[in-house]
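Just below is one structure, and these are the notes that go with it.
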Amino acid sequence: MEAAKKEEISVEDEAVDNDVFKNCSKIAFYRRQKQQLSKKSTYRALLDSVTTDKDSTKFQIINEATKEKKPQSRGTYGISAQDSTWPRMELRGPTSKGKLPRMSATWLSRPRTLRTPWNGLHFQPVCRFSTETTLLAASLKVPLLAEVYGIEGNIFRLKINEETPLKPRYEVPDVLTSKPSTVRLLSCSGDTGSLVLADGKGNLKCHITANPFKVDLVSEEEVVMNINLLGQLYFEHLQVPLKQRTTKENEEDASVDTSQQKQEDLGLWEEKFRNFVDVKVNGPTSIGLDFSLHGFEYLYGIPQHAESHQLKNTSDGDAYRLYNLDVYGYKIYDKKGIYGSVPYLLAHKQGRTLGIFWLNSSETLVEINTEPQVKMGPVAAKQEVRPRTDVHWMSESGIIDVFLLIGPTPCDVFKQYSSLTGTQAMPPLFSLGYHQCRWNYEDEQDVKAVDAGFDKHDIPYDVIWLDIEHTEGKRYFTWDKKRFPNPERMQELLQNKKRKLVVISDPHIKIDPDYSVYAKAKEQGFFVRNHEGGDFEGVCWPGLSCYLDFTNPKVREWYSRLFAFSAYQGSTDILYIWNDMNEPSVFRGPEQTMQKNAIHHGNWEHRELHNIYGFYQQMATAEGLIQRSKGKERPFVLTRSFFAGSQKYGAVWTGDNRAKWSYLKISIPMLLTLNVTGISFCGADVGGFIGNPEAELLVRWYQAGAYQPFFRGHATIKTKRREPWLFGEEHTRLIREAIRERYALLPYWYSLFYRAHVASEPIMRPLWVEFPDELETFGVEDEYMLGCALLVHPVTEPKATVIDVFLPGRNEVWYDSKTFAHWEGACTVKIPVALDSIPVFQRGGSIVPIKTRIGKSTGWMTDFPYGLRVALSTKGSAVGELYLDDGHSFRYLHQKQFLHRKFSFSSGVLTNSYADKSGHYPSKCVVEQISVLGLKEQPSSVTTHSSDGNNQSVAFTYCAKTSSLSLEKLSLNIGADWEVHFK
């Protein structure tokens, strides 16, 4: 480590070989669970222990099994299982040729409690011990405590924990927005050995079977889910540390397992990987549980993986891994975890959608297996084949805390999940524009030249970004005095053009007593500690570094204050933040991250909370930006690492992708998965972070990125410069057109973000969300809906001249957004494409608001006029909406300063009216243009009717070939009620 203080750290330290990262066979808790579960565990619920209060129903669960153990020559006898789900009882006494003339045990103060490695666990013998050679038939009954909650909005919660753990087990804090509102579950009559709990309406029931323990969730008399049907409940108990056992037992035999080899194979007390040893002070503590979903074969979610949108069946050793890691140039179509983790999946079939939210922040693995299930009909020869998908969750530590979202519709599940973890933060409008980034813009002159280049080539953009080289020696909250001697002046030049600056702030802090951030954090004990009690030290961009412990509320408060203008010298109110490397990334550490036995606030080991570390940094950063404006301004924070609930604090992206066509293609399912799991503000690095894209790929990536929520071009330090104007005039034109399309659609984008913020609706939607009963949509991942109105099919293959586009909906009509050609739904059409083609189709029945003029940035477009694109349904009607506020403050929330307008077209009349009368916001903007698609007959007249009684005839243009009508030069105030009549 000393060498890291002086040596130069480079991208090669991050770009490590893939064998640095584990596969399932290298993960000890996976091996233990797979080995034990092959033997079928036997858990039983003790229904005579049931207690009920206003919030929950509680009962005990015990693991029943009979183990037989012959005496050994080492003088230690007992009953133990081959894994740590069983407390090992050791009965000690002198031996004589295999005989046991006398047995003794040390009782603790509690009655019927033996001193075992699991202090406080009850031991209930089912036979007498004798002095015979073999100890027979002893049953160890291990008490777990199960809690079942009914939660408002069709949600069940199941928690399983040790009833009397050696010490508290980790329960994930801060992710749930508040304590869930519970509904009292009523106990109904059940069969002997079962308990039935029902919500107040009786539509939702929870059937608990005692032996073996199993839970059935029943909705409207249909079993939609079983818990522990496969008997994969697994719970490893905290154990007394080995050192303490040896101390207490003095010179007594302290053996705890059958062999040293066994411990090493299963990673019980130590787990070795490459040159690293993970010491587990309290032994192994993993948990697991299975869920069986009846009639479901389409599952989605559990990001982040560079994989298909639909989750695939897993084979042995090929589970989906949720473990936040810095994987430079990650492999695609791979189930290994990368930068973020959301332990939440959705299951969908015709007529129902379900969700499973596994609230655990330790390393987690998910196995999925779908099989046909034959169900006999009333006639013996008649069989019904229904699929059943089994989902097996395994986590390294913590407790079982799972929320079951019963739907029944996709939108219901989205709302249920957001009621727990929060909705997407309402972003500032500028952040929906285009962002220009690379590692690194060299200096102030470089920033000025790039900024001027966008103006020279008439390309709009909103934000320029600075990576780690802008700092003084990778010391965050500082500026390189040679490269950026006057950062305030640089920001002033950007502000004059109504543009913003984003700079990077990583969680590692350079070890330097003269660096004030390090010195103050060191003084106050704000760093993660190693298992010996000193500050944890690891290598990252600055060299040897310490890592801020963002799990500590005091650290987060302190860190937030670092963004104050008085503390962050050189920052202004147009500066926003990018949190990178916050998995956390630790070069040369185990799997490029922090050791699992590092210690956090509250003496929690890093293994317990690894996946939530980056979540906490983004939380603290967002709060810091809000505080610096005295609570007035919305923050913008991009994070690479994330967890469930990260949507509350900003945006995420897909990390260090490559400049290859395959990475452009995989970005679509990756972003769809993030959207359905609550994180709508997401994107992929346009052009690919690693490598040099050819001009065609770059153009296609800009075209795709323009229709994805977070739109940023980015490249690594060793790539060629790739500003949009460096690939020849024709390619510059195509990139300009793609970016201008983005800016024209900003009113629609902003309205979609408002819907995500208040109604939990994903922005970028897989087709199955909008067409939940159409089986053909369930596996589509190369096209998607943007809101409910636009279908986008990016071109992701080189030299494409035609693409197949599936247009869903048996009663739908779709319009090409450029040519106005139209097709009926429920068919696949071949669409010719050239390099200037962006296949976008507007859904019949929708109205999309646009801006009719494009400015240099969003700030220039505030008062620019609107247009309305009206696409009529087969019934000749359409609806749409527009949300509008000041684009930057919280006044929309606290003072209700917003406009929310509803547009509708029916019976030849287009109407603008209030969608929400509680909001008021003055706007000078007018609707200048209206286009109507699907108008089958040319009207004889078109007139506008305002609320003050002023009626006016207007000129129009009608095209019979495309059945479209266009109105120009209107002046209809966007915030006023009015109508347009087509007769």
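This one's a predicted model, so the numbers in the text were calculated from it and none came from an experiment.
- For the residue pair N582 and Q617, a side-chain donor N or O sits within less than 3.5 Å of a side-chain acceptor on the partner.
- For the salt bridge (Lys or Arg N to Asp or Glu O under 4.0 Å) test, no residue two or more places apart in sequence or in another chain qualifies with E968.
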Open item on the list: Before you tell me yes or no, could you show the steps for F753 and F681 under ring-ring contact (aromatic ring centres under 6.0 Å, His included), namely the whole-Å CA-CA distance, both residues' side-chain angles and the distance that decides it to 0.1 Å?
Closed with: CA-CA 8 Å; F753 268 92; F681 201 2; 5.0 Å; yes

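- At distances below 3.5 Å, at least one donor-acceptor pair connects side-chain atoms of N579 with backbone N or O atoms of S505.
- Electrostatic pairing of E623 and R561 does not count as a salt bridge here, judged by no charged N lying under 4.0 Å from a carboxylate O.
- In this structure, H757 has its ring center closer than 6.0 angstrom to the ring center of Y892.
- A ring-ring contact (aromatic ring centres under 6.0 Å, His included) with H435 holds for exactly one of F636, Y576, W578; it is F636.
- Remark: R901 pairs with D977 by the salt bridge (Lys or Arg N to Asp or Glu O under 4.0 Å) rule, at least two apart or across chains.
- Evaluated for a ring-ring contact (aromatic ring centres under 6.0 Å, His included) with Y559, the options Y616, Y568, F477 yield exactly one hit, F477.
- The 12-atom threshold is exceeded at NZ of K818, counting heavy atoms of other residues, nucleotides or ligands nearer than 6.0 Å.
- Under a cut-off of 6.0 angstrom, the local environment of NZ in K902 is sparse, with at most 12 non-hydrogen atoms contributed by other residues, nucleotides or ligands.
- Pairing each heavy atom of G407 with each of V413, the nearest pair is CA-CG2, 3.6 Å.
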TODO: May I have the step-by-step check of side-chain contact (heavy atoms from CB on, under 4.5 Å) for V840 and L791, ending in yes or no?
DONE: CA-CA 6 Å; V840 178; L791 185 148; over 6 Å; no

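- For the residue pair Q647 and T421, a side-chain donor N or O sits within less than 3.5 Å of a side-chain acceptor on the partner.
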Open item on the list: What verdict does the ring-ring contact (aromatic ring centres under 6.0 Å, His included) test give for F403 and Y417, after you've listed the backbone C-alpha separation in whole Å, the side-chain angles of each residue and the deciding distance to 0.1 Å?
Closed with: CA-CA 9 Å; F403 295 83; Y417 178 69; 9.4 Å; no

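- Side chain of E444 to main chain of N486: a donor-acceptor pair is present (N/O by atom type, distance under 3.5 Å, no hydrogens or angles).
- Using a distance-only test at 3.5 Å, with no hydrogens or angles considered, no donor-acceptor pair links the side chain of S817 to the main chain of Q842.
- Minimum interatomic distance between P747 and P849 (heavy atoms only, all atoms of both residues): CB-O, 3.8 Å.
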Open item on the list: Would L575 and V502 count as a side-chain contact (heavy atoms from CB on, under 4.5 Å) here? Give the steps.
Closed with: CA-CA 6 Å; L575 181 145; V502 167; over 6 Å; no

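- Salt-bridge annotation for K415 and E761: absent, with no side-chain N of the basic residue lying under 4.0 Å from a carboxylate O of the acidic one.
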Open item on the list: Under the criterion ring-ring contact (aromatic ring centres under 6.0 Å, His included), I'd like the reasoning laid out for Y613 against F550: C-alpha separation, chi angles, the key distance, then a yes or no.
Closed with: CA-CA 7 Å; Y613 181 85; F550 290 105; 5.8 Å; yes

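- Looking only at atom types and distance, the side chain of Q491 has a donor-acceptor partner in the side chain of T572 under 3.5 Å away.
- For the atom pair N675 CG and M785 CE, the distance stands at 13.0 Å (nearest 0.5 Å).
- Judged by the 6.0 Å distance and 45° axis criteria, K500 is positioned over the aromatic ring of F430.
- In this pair, F615 and F643 present their aromatic rings perpendicular. The plane angle is above 60°, beyond the 30 to 60° band.
- Ring pair F711/Y702 is perpendicular by interplanar angle, where above 60° counts as perpendicular and below 30° as parallel.
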Task: Trace of the salt bridge (Lys or Arg N to Asp or Glu O under 4.0 Å) decision for D462 with K498 - done: CA-CA 8 Å; D462 264 79; K498 301 183 180 181; over 6 Å; no

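- Side-chain atoms of D916 and Y914 form no donor-acceptor pair, as typed in the model, at a separation below 3.5 Å.
- The aromatic rings of F710 and W465 sit tilted, their planes meeting at an angle between 30° and 60°.
- Using a 4.0 Å cut-off between charged nitrogen and carboxylate oxygen, R765 and E770 count as a salt-bridge pair.
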Open item on the list: As a quick check of understanding, evaluate side-chain contact (heavy atoms from CB on, under 4.5 Å) for L359 and V175, giving each step before the final call.
Closed with: CA-CA 9 Å; L359 184 53; V175 167; 4.1 Å; yes

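- In this model, no donor atom of one side chain and acceptor atom of the other lie less than 3.5 Å apart for D467 and Y441.
- For the pair D886 and R634, the salt-bridge criterion is met [side-chain N within less than 4.0 Å of a carboxylate O].
- The shortest heavy-atom contact between Q618 and S646 is OE1-O, 3.5 Å.
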Open item on the list: ring-ring contact (aromatic ring centres under 6.0 Å, His included) for Y921 and F898? Distances and angles first, verdict last.
Closed with: CA-CA 5 Å; Y921 180 72; F898 66 85; 9.2 Å; no

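- For the atom pair CG (D458) and CD1 (I854), the distance works out to 10.0 Å, reported to the nearest 0.5 Å.
- Side-chain contact between V463 and Q436 is absent, with no heavy atoms from C-beta onward closer than 4.5 Å.
- Residue D451 holds its CG atom at 10.5 Å from CE of M490, rounded to the nearest 0.5 Å.
- With hydrogens and angles ignored, the 3.5 Å screen pairs no side-chain donor or acceptor of W749 with any backbone N or O of Y707.
- In plain terms, the two heavy atoms of L970 and V926 that are nearest each other are O-CG2, 4.5 Å.
- Ring geometry for Y750 against Y883 counts as tilted: the plane angle lies between 30° and 60°, on a 0 to 90° scale.
- Note on R640 versus D580: salt bridge recorded, some NZ/NE/NH1/NH2 to OD/OE distance being below 4.0 Å.
- A distance-only check finds a donor-acceptor pair linking the side chain of Q416 to the backbone of G153 [under 3.5 Å].
- In this structure, the side chain of S760 does not engage the main chain of A756 through any donor-acceptor pair within 3.5 Å.
- M861 and Y743 make their closest contact through CE-O, 3.5 Å (heavy atoms, listed as atom of the first residue, atom of the second, distance).
- Using a 4.0 Å cut-off between a side-chain N of Lys or Arg and a carboxylate O of Asp or Glu, E737 and R740 do not qualify as a salt bridge.
- No side-chain donor from either of Q424 and S680 sits under 3.5 Å from a side-chain acceptor of the other.
- The shortest heavy-atom contact between C682 and L671 is SG-CD2, 3.7 Å.
- Ion pairing of D685 with R712 is present here, as a side-chain N (NZ or NE/NH1/NH2) and a carboxylate O approach within less than 4.0 Å.
- The number of heavy-atom neighbours closer than 6.0 Å to NZ of K448, taken from other residues, nucleotides and ligands shown, is 12 or below.
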- [ ] Might you work through the side-chain contact (heavy atoms from CB on, under 4.5 Å) test for T182 and E152, ending with a clear yes or no?
- [x] CA-CA 6 Å; T182 58; E152 286 184 1; over 6 Å; no

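- Remark: R628 engages no residue in a salt bridge (Lys or Arg N to Asp or Glu O under 4.0 Å) (not counting sequence neighbours).
- Cation-pi geometry between K851 and Y866 is satisfied (NZ or CZ under 6.0 Å from the ring centre, within 45° of the ring normal).
- Put simply, the side chain of R869 never gets that close to the backbone of I930: no donor and acceptor are under 3.5 Å apart.
- In this structure a side-chain-to-backbone donor-acceptor pair under 3.5 Å is present from N912 to A976.
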